[in-house]
Amino acid sequence: MDFVEISAEQKRQFDEEGYLIVRNVLDIQMIESLIEAGDRLIASDRVENRQRTNGGLYDGFRNCVSMDDAFLPLMTHPKTFSLVTQLLGANLGLLTSHLIYRHPDPKGSPDTSRMPGWHRDHFVSLQDLGHAQIPRHSLKIAYYLTDLSEPNTGATLMAAGSNQLKEKIDIPEGKVDPATSVEPLLNPGDCVFFENRTWHAGAANLTDRIRKAVMFGYCYNWMRPTDYRIQSPEFVEKLNPMQRFLVGEPVSDTKEFQFDGGTNPIREWHEANVMS
């Protein structure tokens, strides 16, 4: 698999600001394939792992990677997964794969509506450790499939630098957003990386279009995934060794205890490219 080296500026921005925009990740063919798969799922009567919120304004599926083969290439997409290993390390697990359709707001809604409101991800770890102690332990990649090149089209707002906060974010009186709020303007095929400590919120969608996105999350492999425990054998059979490792499946038949967790094809691929 190809390897894309992260630039010094990308690394600086992610470390200091908690998010990173990467342009032109997906080509038109892949975007169309993902939209076709997403549309099929949303139009279905499937309820398993379905997540609807805000009166149906948000609709989608958790663990979507296991529901349609169209999502599989995103699991280890070279243009993004290369950056994940350089930002988080190679000892990785798949935290989540989340198809999200954001429907337009009701007519007359203000541009200040935020759904969901400002928050940090992985609530369970925040509960246990608190805002002051939480480390960077995971990151997400939001792949956008529709046109978000204008404001108020349902993009995910980022609060730049909020990954460094040791307390809840401050929103000035009379405002709905923190002072460092950024609304990414994105074309289909662009993506946004953000880490678990970065405060973010859903911008208003004042268009007549559904905002369509897929989010893949990665964490250290000693953490539990959020939307599956064990993937089905039928799904695992489709995976390459790196993908098998991401979902917690063994990639070698070694029986002895190994303190480093055993064979890790992601680490081998990462080190071969970073050190070459």
Side-chain angles (χ1 to χ4, degrees), residues 2-39 58 60 64-65 70-88 95-104 114-116 121 138-163 177 180-196 198-218:
D2 292 339
F3 187 87
V4 178
E5 187 171 357
I6 194 168
S7 71
E9 175 56 23
Q10 287 176 317
K11 182 74 163 56
R12 181 210 62 77
Q13 183 182 351
F14 193 80
D15 288 345
E16 294 182 6
E17 301 181 26
Y19 78 99
L20 176 67
I21 297 172
V22 182
R23 305 284 185 184
N24 301 313
V25 171
L26 307 179
D27 60 28
I28 292 175
Q29 184 177 359
M30 181 171 282
I31 292 169
E32 290 176 348
S33 174
L34 291 167
I35 289 176
E36 288 174 5
D39 287 355
Y58 279 88
C64 67
V65 71
F71 300 113
L72 264 178
L74 298 183
M75 197 171 174
T76 50
H77 195 294
K79 290 183 179 179
T80 53
F81 193 67
S82 301
L83 305 188
V84 173
T85 66
Q86 294 168 84
L87 292 169
L88 202 59
L95 179 68
T96 184
S97 57
H98 189 185
L99 174 71
I100 312 174
Y101 276 34
R102 168 69 160 91
H103 290 268
R114 299 290 177 258
M115 291 185 292
D121 279 347
S138 56
L139 64 79
K140 283 183 178 177
I141 307 170
Y143 297 92
Y144 290 98
L145 310 179
T146 48
D147 184 6
L148 305 180
S149 58
E150 299 291 334
N152 300 314
T153 50
T156 303
L157 306 172
M158 298 289 156
S162 60
N163 57 313
D177 299 322
T180 61
S181 174
V182 176
E183 183 173 6
L185 300 181
L186 307 159
N187 295 311
D190 292 345
C191 71
V192 181
F193 287 65
F194 61 101
E195 60 142 295
N196 58 286
T198 303
W199 288 81
H200 54 287
N205 182 3
L206 303 185
T207 72
D208 58 359
R209 306 184 304 274
I210 300 172
R211 185 219 72 181
K212 302 178 181 183
V214 186
M215 293 195 183
F216 270 66
Y218 303 87

Self-check item: Set of side-chain hydrogen bond (donor to acceptor under 3.5 Å, both in side chains) partners for Arg211, sequence neighbours left out
Solution: none
Quiz prompt | Spacing of Lys140 atom NZ and Asn196 atom CG [to the nearest 0.5 Å] | solution = 10.0 Å
Quiz item: Is there side-chain contact between Asn187 and Asp147, with at least one heavy-atom pair below 4.5 Å?
Solution: yes
Exercise. Consider only side-chain N and O atoms of Tyr19 and Asn163, and report whether a donor and an acceptor are under 3.5 Å apart.
Key: no
Practice problem: Identify the two heavy atoms, one from Arg209 and one from Pro104, that lie closest to each other, and give their separation to 0.1 Å. | Solution: O-CG, 3.4 Å
Exercise. Can you measure from CG (Leu148) to CZ (Arg102) and round to the nearest 0.5 angstrom?
Key: 11.0 Å
Practice problem: Look at atom CD of Glu5 and say whether more than 12 heavy atoms of other residues, nucleotides or ligands are closer to it than 6.0 Å. | Solution: no
Quiz prompt | Spacing of CG belonging to Leu87 relative to OG1 belonging to Thr80, to within rounding of 0.5 Å | solution = 11.0 Å
Quiz item: Which class fits the ring pair Phe194 and His200: parallel under 30°, tilted 30 to 60°, perpendicular over 60°?
Solution: tilted
Practice problem: Identify the heavy atoms of His98 and Cys64 that sit nearest to each other, and give their distance. | Solution: N-SG, 3.8 Å
Quiz item: Side-chain contact, heavy-atom cut-off 4.5 Å: Met158 with Glu17?
Solution: no
Quiz item: Taking C-beta and beyond as the side chain, do Gln10 and Phe193 meet within less than 4.5 Å on heavy atoms?
Solution: no
Quiz prompt | Side-chain heavy atoms of His77 within contact of Leu26, under 4.5 Å | solution = yes
Self-check item: Phe216 and Phe71 aromatic centres sub-6.0 Å
Solution: no
Self-check item: Min side-chain heavy-atom separation Thr146-Ile210 under 4.5 Å
Solution: no
Self-check item: Spatial distance of atom CD (Gln29) from atom CG (Leu34) [nearest 0.5 Å]
Solution: 10.5 Å
Quiz item: Between CG of Asp39 and NZ of Lys212, what distance do you get to the nearest 0.5 Å?
Solution: 3.5 Å
Quiz prompt | Close side-chain approach of Tyr144 and Met215, heavy atoms under 4.5 Å | solution = yes
Quiz item: Would a 4.5 Å heavy-atom cut-off, applied to side chains only, mark Leu20 and Val192 as touching?
Solution: no
Quiz prompt | Side-chain heavy atoms of Leu83 within contact of Ile141, under 4.5 Å | solution = no
Self-check item: Considering all heavy atoms, the nearest Glu150-Thr153 contact
Solution: O-OG1, 2.8 Å
Exercise. Taking all non-hydrogen atoms of both residues into account, name the closest pair between Glu195 and Phe14 and its distance.
Key: CB-CZ, 3.7 Å
Practice problem: Report the C-alpha separation of Val22 and Lys79 in whole Å, then their side-chain angles, then the decisive distance to 0.1 Å, and conclude whether the side chain to side chain contact (heavy atoms under 4.5 Å, CB included) test is met. | Solution: CA-CA 9 Å; Val22 182; Lys79 290 183 179 179; 5.8 Å; no
Exercise. Measure across Gly38 and Tyr101 and return the closest heavy-atom pair with its distance rounded to 0.1 Å.
Key: C-OH, 3.1 Å
Quiz prompt | Residue pair Ala70 / Ser33: nearest heavy atoms and the distance that separates them | solution = CB-OG, 3.5 Å
